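Accompanying notes for the structure given below.
Chain naming here is simple, since letters A, B, ... match the order of the sequence lines and numbering starts at 1 in each. Here the structure is a predicted model, which means the values were calculated and not measured.
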There are 2 protein chains.
Amino acid sequence: MKIEDAIKSTTEMPIGKKTLLNITYTQNILSESFNELLKPYDLSPEQFNVLRILRGQKGKPANMCVIQERMIAKTSNTTRLVDKLLLKDLVIREVCTANRRKMDITITEKGLALLKELDPKVEAHENSYAANLDTDELHLLNNLLEKYRG
Amino acid sequence: MKIEDAIKSTTEMPIGKKTLLNITYTQNILSESFNELLKPYDLSPEQFNVLRILRGQKGKPANMCVIQERMIAKTSNTTRLVDKLLLKDLVIREVCTANRRKMDITITEKGLALLKELDPKVEAHENSYAANLDTDELHLLNNLLEKYRG
DNA sequence: ATTTTATAGTTGTATATACAAATGTATTGT
DNA sequence: ACAATACATTTGTATATACAACTATAAAAT
């Protein structure tokens, strides 16, 4: 669907406005369907994001500010986000011995198992959109976005 | 900045995942800077969006479900969004005489004046990103996004 | 005409988010 | 060593959002 139809715009938009709207709208579509995917697992996209960051640590714990900086959306309140994961036993949290200001957050086996269960679904989600473009177009899209951000 | 650096990813990502992440990340950058723009005006992006939809009505009122369907992000609770605008006298709300289930929402002079003040800033925001690409690239980006959504 | 179903919007409630202030620990300067 | 400053995280509070239940009106069915 064209962006103009999606937001029922009647008038022709300048290309700058249209591009911004198009990116915003596309991301909305993506996150809506991703939310659907996660709903049965009682996991928010942010929680999922944190789990995936922790898995990326390959056993090493991550502290709060590391999680924060690797998150796609820099949410305030990583604390409460991790709280939720703790309640579900998907992570453990302990004071870092080397620097007692920091917290060591580690993903649990249960967390890893949950991610493993989600992996194929997340991949299918990613690929369902990617499949609409060929490889060259995908690379082009990535390059254009990067250049667009400045 | 490359997406891999932005989220401090060490490993090479499959192109499908990367694209999705890139769109999400780009939109985050955009909305972050748009938020900054609106902050001095005590207006949320959603409130701004509603005002702009109402201006697009050119005097004609819009009812709630029309506002809802034209919004970029389909938020639940358009009611409370409009409540906020009402409190600031940016819109008026009255029961639609033709169909008493519906509400007629109209932007006020104050609302129009606020939009007018914002217009150049919003346009500058839009153009600051668009300026990083030439016209052909912008059209290409829009087409790729549309195709990507499927 | 009366019941049923559909539509439009609002409200209750639980949860999430943003932002600032507070807490506790480490580092630096004197 | 002690005060000042910086850093890492948490907590308080106000606001926003999601979702379901509710109210009111309109349209359709019997």
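- Distance check, rounded to the nearest 0.5 Å: CE of B:M103 to CD of B:E94 gives 9.0 Å.
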Distance-only criterion, 3.5 Å: show the donor-acceptor pairs between side-chain atoms of residues 82-90 of chain A and protein atoms not counting sequence neighbours.
residue, atom, partner, partner atom, Å
A:D83, OD1, A:R93, NH1, 3.1
A:D83, OD1, A:R93, NH2, 2.7
A:K88, NZ, A:D42, O, 2.7
A:K88, NZ, A:Q47, OE1, 2.7

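- No path of Ile, Leu, Val, Met, Phe, Trp and Tyr side chains, each step under 4.5 Å between heavy atoms, connects B:I7 with A:V66, placing them in separate hydrophobic clusters.
- Residue B:S76 is classed as a base contact, given a heavy-atom separation below 4.0 Å to a base.
- Every residue was checked against the salt bridge (Lys or Arg N to Asp or Glu O under 4.0 Å) condition with B:R100, not counting sequence neighbours, and none meets it.
- Residues satisfying the salt bridge (Lys or Arg N to Asp or Glu O under 4.0 Å) test with A:K74, not counting sequence neighbours, are none.
- Identified under the side chain to side chain donor-acceptor pair (under 3.5 Å) test for residues 49-68 of chain A, with sequence neighbours left out: A:R55-A:D119, A:Q57-A:R70, A:Q68-A:T78.
- For the helix from C:dA1-D:dT30 to C:dT30-D:dA1, the angle separating the two terminal helix axes comes to 10°, with each axis derived from five pairs and the value rounded to 10°.
- Every salt bridge (Lys or Arg N to Asp or Glu O under 4.0 Å) that A:K147 has, sequence neighbours left out, goes to B:E137.
- Counting any heavy atom pair closer than 4.0 Å across all strands shown, A:T75 reaches sugar-phosphate atoms only and no base atom.
- Taken residue by residue, residues 80-87 of chain B places heavy atoms nearer than 4.0 Å to DNA chain C at B:R80.
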Pairs under 3.5 angstrom, nitrogen or oxygen only, protein versus nucleotides 1-8 of chain C, please.
residue, atom, partner, partner atom, Å
C:dT7, O2, B:R101, NH1, 3.0

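- Note on residues 89-129 of chain A: pairs passing ring-ring contact (aromatic ring centres under 6.0 Å, His included), not counting sequence neighbours, are A:F34-A:H125, A:H125-A:Y129, A:Y129-B:Y148.
- Of the two residues near DNA chain C, B:E36 and B:R93, the one whose nearest nucleotide lies more 5' is B:R93.
- Among residues at least two apart or in separate chains, there is no ring-ring contact (aromatic ring centres under 6.0 Å, His included) pair with a member in residues 77-102 of chain A.
- By the 4.5 Å heavy-atom criterion applied to side chains, A:I105 and A:M64 are counted as neighbours.
- On the nucleic acid side, DNA chain D has its first and last nucleotide under 4.0 Å of a heavy atom of chain B at D:dA16 to D:dA26, going 5' to 3'.
- Nucleic acid contact for A:K39: sugar-phosphate only, since backbone atoms but no base atoms lie under 4.0 Å from a heavy atom of the residue.
- Grouping the Ile, Leu, Val, Met, Phe, Trp and Tyr side chains by contacts below 4.5 angstrom, directly or via other members, places B:L21 apart from A:I67.
- The salt bridge (Lys or Arg N to Asp or Glu O under 4.0 Å) test applied to B:E4 returns B:K18, not counting sequence neighbours.
- Take the nearest nucleotide of DNA chain D for A:N77 and for B:S44: the residue whose nucleotide is more 5' is A:N77.
- Taken from CG in A:L20 to OG in B:S31, the straight-line distance is 9.5 Å, to the nearest 0.5 Å.
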